[in-house]
2 protein chains.
Amino acid sequence: MAIWLDRSDAGFEARFAAFLTTKREVSEDVNAVVRDIIADVRARGDAALADYSRRFDGVDFATLPMKVGEAEIDAAIAEVDPVVLDALNLAAERIEKHHARQMPKDDLYEDALGVGLGSRWTAIEAVGLYVPGGTASYPSSVLMNALPARVAGVERIVMVVPAQAGHLNPTVLAAARIAGVKEIYRIGGAQAVAALAYGTETIAPVAKIVGPGNAYVAAAKRQVFGTVGIDMIAGPSEVLVIADANNDPDWIAADLLAQAEHDMGAQSILMTDDAAFGKAVEEAVERQLRSLSRAETASASWRDFGAIILVPDLADAIPLANRIAAEHLELAVDDPDALMKDIRNAGAIFVGRHTPEVIGDYVGGSNHVLPTARSARFSSGLSVLDYVKRTSILRLGPEQLKALAPAAIALARSEGLDAHGRSVAIRLNLEG
Amino acid sequence: MAIWLDRSDAGFEARFAAFLTTKREVSEDVNAVVRDIIADVRARGDAALADYSRRFDGVDFATLPMKVGEAEIDAAIAEVDPVVLDALNLAAERIEKHHARQMPKDDLYEDALGVGLGSRWTAIEAVGLYVPGGTASYPSSVLMNALPARVAGVERIVMVVPAQAGHLNPTVLAAARIAGVKEIYRIGGAQAVAALAYGTETIAPVAKIVGPGNAYVAAAKRQVFGTVGIDMIAGPSEVLVIADANNDPDWIAADLLAQAEHDMGAQSILMTDDAAFGKAVEEAVERQLRSLSRAETASASWRDFGAIILVPDLADAIPLANRIAAEHLELAVDDPDALMKDIRNAGAIFVGRHTPEVIGDYVGGSNHVLPTARSARFSSGLSVLDYVKRTSILRLGPEQLKALAPAAIALARSEGLDAHGRSVAIRLNLEG
């Protein structure tokens, strides 16, 4: 039911270009509503949060406090299957180890003139982590968002999560504990984003807000951007699988469906050099769809956005893959390295037939927060770098100032900035 | 005329908090106009660019082509004072050397289980650089924006600059040539941003747009964000000078004015432990103001946003400086290192009395595009990192998949994602 595109067809370029720009999200215009909610939280603080939580989540803070207590977290963890707890711990350990390698190093040095130059990295002081409620409340996402912050040295990590009818996902609380999150509030929506950005009586403001959310959360993040930092606004998930005929069609079908089951706007693409193999995968997808609990979501995604792209040769897949710039790229071919060296735009690459993308979702160690909607052309997945910032440092003595002054003064003059010139010249006159 | 704040006053905290949130920009709502311009450029391409350029810039592409030719650049460079050309070349050389140290390194490794993990960095393929017209057309900004892109390995750097009545600043063209920019169009405003993001018959689209601009340019960048990457939206410039009484008041006054002359919304702050010194600086500012060609701008900035903050002890300056999170921070004190080690939030630090911020604007080697409006709490100045992106890499063989599968399957089940579980399990069943 997915569309087929054949690189050898005369009309391919036009069809592929149209395919690339297909919108997979309905953009709801919720800006006005969100603007009002933010203004209300800024004006009324905790009282506004209590009202919205009663109205939207059916939670009364008079009976269930806004801040999630340690005892509540302990009780939740006791409910979680120990096998799942072990899996979370293994995932956390692997994620932490991998991300520790991303910590940038300070670079302070003197150049030939004796000018001191440098870059110094420091952690952001406080970060807010938005966790969606309901079925999109993923414990794995808590680990993926919070652990790089902990590795970076962020002192305060604040989690917000809406508690529909008071209910919080116990596995999410377990993941928060494992990730070292110590401050959790049962609030969600635009009001939670506003509280993190501006603070209330109970919640101190943070400097950056990360994590996925619905249209209201995304709009709120865009509106508070500037007052605080935000991560990327993630779109629906996507996978591009480049596969030759030497694969089991069922393996590849399972990978395509693992993406499709996320969201009706998710996109799964197979690129292959063998039409018969493509057909076999298509049949396997239809067969496997029947037994999925999220069959409705997965089949809508596959029907509306799924694609099988036929290329004359696997080498022809590379330029197309670079244009698609997929969030996830699987290379299920005999010689994945031959393809990989020329892949330039991809959020993450899963190399070889034994690396299903799902391993990266959970326990690979790399981050599963990756650029969607072709933004891998210009951006990267979440990392420790998102939780640190760089201060540049410049240090001159009288000698160095003397050496660089004439050029600085010439440029200041050419830009018509007198005071700029004076700020340098005045020091030289006094120096003699 | 600047305001005075005294850390020892009872009402200090409230006054300082209010000072921190003072808005220094009128936010014009130009979104609707910009939306129409972008739609028009997408629909009509070059023809729309020609219309807007005729209307807004008074340029007719029938007589002066949209693309700036090599001969025109050669002629412009011949007009530039050789002293300025030398200064630009010195600046470029120093900027390039410093930024080369920022290039991140790939990290590919195997962990104890034999799982291949990694980060691979690649340059963004094409970048657009917006350069404002008129008096805000700074050659130094061309170097600061374009050179890190060149160091990163960006193949295509496209510059757009409006040519009011056909005129382009020859020094800007010289800077572009020195920075290796080979593709220049005389267009500006929201229409130039739209052309870079979506392309026209003449201009191929880019993947990221950087550079400063007016309210229309900023709104256009926000609107095309997602289709392309953008850099930060820069606000008016600012400096915080922490100075003891052992400074020449005239040096510090010159530094404060160098910031104030940029923009009526710029902000210059002196923090000192000596009231008499503060007074002396204030008097020096008034005196120096008289002889500035941009006296009107500088005195409006100093009057409306300038501040002198008195602290009992220099150590008290640190927490306040971290809250201000200034774009530029000068440490004009006897022992700058003692202060610097605890400074956490600052775009750039200028260490010691012989490092006026202006050196960093031009020839220090570090970048002068820095976070404004307190955003140094969560973001960094422009660097090579803004022109590269990271792909993460995961590689498992059958053994590694077997080792990690149980945890991945447990987490997939706990999140209710059947196809995720199957994508891992199916490979193990076949493996035995």
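Within every chain, numbering begins at 1; the chains are lettered A, B, ... in the order of the sequence lines, protein sequences first and strands thereafter.
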> Please report the shortest heavy-atom distance between B:Arg427 and A:Pro356, naming the atom on each side.
NH1-CB, 3.5 Å
> Distance check, rounded to the nearest 0.5 Å: B:Phe378 atom CZ versus A:Asp386 atom CG?
13.0 Å
> How far apart are the closest heavy atoms of A:Trp121 and B:Ser380, and which atoms are they?
CZ3-OG, 4.5 Å
> With chain A, which of B:Gln400, B:Arg377, B:Arg294, B:Arg344 has the greatest number of heavy-atom pairs at distances under 4.5 Å?
B:Arg344
> So that I can tick it off, tell me whether A:Asp111 and B:Arg94 are bridged by a salt bridge, with the cut-off set at under 4.0 angstrom between side-chain N and carboxylate O.
yes
> Based on non-hydrogen pairs under 4.5 Å, which of A:Ala348, A:Ser392, A:Gly118, A:Gly229 is most in contact with chain B?
A:Ser392
> On the six-membered ring of A:Phe350, is B:Arg395 placed so that its NZ or CZ lies under 6.0 angstrom from the centre and within 45° of the ring axis?
no
> Using a cut-off of under 4.5 Å on heavy-atom pairs, state which of B:Ala373, B:Gly347, B:Pro336, B:Ser379 scores highest against chain A.
B:Gly347
> Heavy-atom pairs under 4.5 Å with chain A are the metric here; pick the option from B:Ala298, B:Gly421, B:Ser140, B:Gly365 that has the most.
B:Ser140
> Which of the residues A:Leu257, A:Asp361, A:Leu292 is involved in the greatest number of heavy-atom pairs with chain B at under 4.5 angstrom?
A:Leu292
> First locate atom OG of B:Ser423, then atom CD of A:Glu357, and finally report the distance between them rounded to the nearest 0.5 Å.
7.5 Å
> Could you tell me which non-hydrogen atom of B:Leu394 sits nearest to which non-hydrogen atom of A:Ile359, and how far apart they are?
CD2-CG2, 4.0 Å
> For each of B:Lys97, B:Met232, B:Arg374, B:Arg120, tally heavy-atom pairs with chain A at distances under 4.5 Å, and name the one with the top tally.
B:Arg120
> Which one wins on heavy-atom pair count under 4.5 Å against chain B: A:Leu113, A:Asp107, A:Val424?
A:Asp107
> At a heavy-atom separation under 4.5 Å, does A:Ser293 approach chain B through its side chain, its backbone, both, or neither?
both
> Give a yes or no on whether the backbone of A:Ala419 and the side-chain of B:Glu261 come within a donor-acceptor separation of less than 3.5 Å.
yes
> Please test A:Glu399 against B:His354 for side chain to side chain contact (heavy atoms under 4.5 Å, CB included), starting from the C-alpha separation and ending with a verdict.
CA-CA 9 Å; A:Glu399 287 307 306; B:His354 291 87; over 6 Å; no
> Shortest non-hydrogen contact from B:Trp251 to A:Ile426?
NE1-O, 3.7 Å
> Please state whether the side chain, the backbone, both or neither of B:Ala376 comes within less than 4.5 Å of a heavy atom of chain A.
backbone
> Please classify the contact of B:Ser383 with chain A as side chain, backbone, both or neither, using a heavy-atom distance under 4.5 Å.
both
> Which atoms of A:Ala260 are under 4.5 Å from chain B, going by heavy atoms: the side chain, the backbone, both sets, or neither?
neither
> Apply side-chain hydrogen bond (donor to acceptor under 3.5 Å, both in side chains) to A:Arg422 and B:Ser291, showing your working.
CA-CA 11 Å; A:Arg422 182 188 286 157; B:Ser291 59; 2.4 Å; yes
> Considering all heavy atoms of both residues, which atom of A:Val83 and which atom of B:Ala410 are nearest to each other, and what is their separation?
CG1-CB, 3.9 Å
> Which bit of A:Val115 is near chain B, if near means a heavy-atom gap under 4.5 Å: side chain, backbone, both or neither?
side chain
> Non-hydrogen atoms of chain A under 4.5 Å away: do they reach the side chain of B:Ala123, the backbone, both or neither?
both
> What heavy-atom pair brings A:Ser414 and B:Thr171 nearest, and what distance separates the two atoms?
OG-CG2, 4.4 Å
> Would you mind reporting whether B:Thr391 and A:Ile343 have side-chain heavy atoms less than 4.5 Å apart?
no
> At what distance, to the nearest 0.5 angstrom, does CG of A:Leu370 lie from CZ of B:Arg390?
8.5 Å
> So for A:Ala91, is it side chain, backbone, both, or neither that comes closer than 4.5 Å to the heavy atoms of chain B?
side chain
> For the candidates A:Arg222, A:Arg353, A:Met340, A:Gln259, which exhibits the highest count of non-hydrogen atom pairs separated by less than 4.5 Å from chain B?
A:Met340
> Pick one of side chain, backbone, both or neither for A:Leu90, based on which atoms fall under 4.5 Å of a heavy atom in chain B.
side chain
> Could you tell me which of A:His98, A:Arg101, A:Arg413, A:Glu125 has the largest number of non-hydrogen atom pairs under 4.5 Å with chain B?
A:Arg101
> For the candidates B:Ala346, B:Ser375, B:Gly116, which exhibits the highest count of non-hydrogen atom pairs separated by less than 4.5 Å from chain A?
B:Ala346
> Less than 4.5 Å to any heavy atom of chain B: does that hold for the side chain of A:Thr122, its backbone, both, or neither?
side chain
> Do A:Leu411 and B:Val84 have side chains that get closer than 4.5 Å, going by heavy atoms?
yes
> Among B:Leu417, B:Asp81, B:Leu117, single out the residue with the greatest number of heavy-atom pairs under 4.5 Å to chain A.
B:Leu417
> Can you tell which of A:Thr227, A:Leu385, A:Leu289, A:Asn322 has the highest number of heavy-atom pairs within less than 4.5 Å of chain B?
A:Thr227
> If you measure from OG on A:Ser119 to CG on B:Asn367, what distance do you get to the nearest 0.5 Å?
10.5 Å
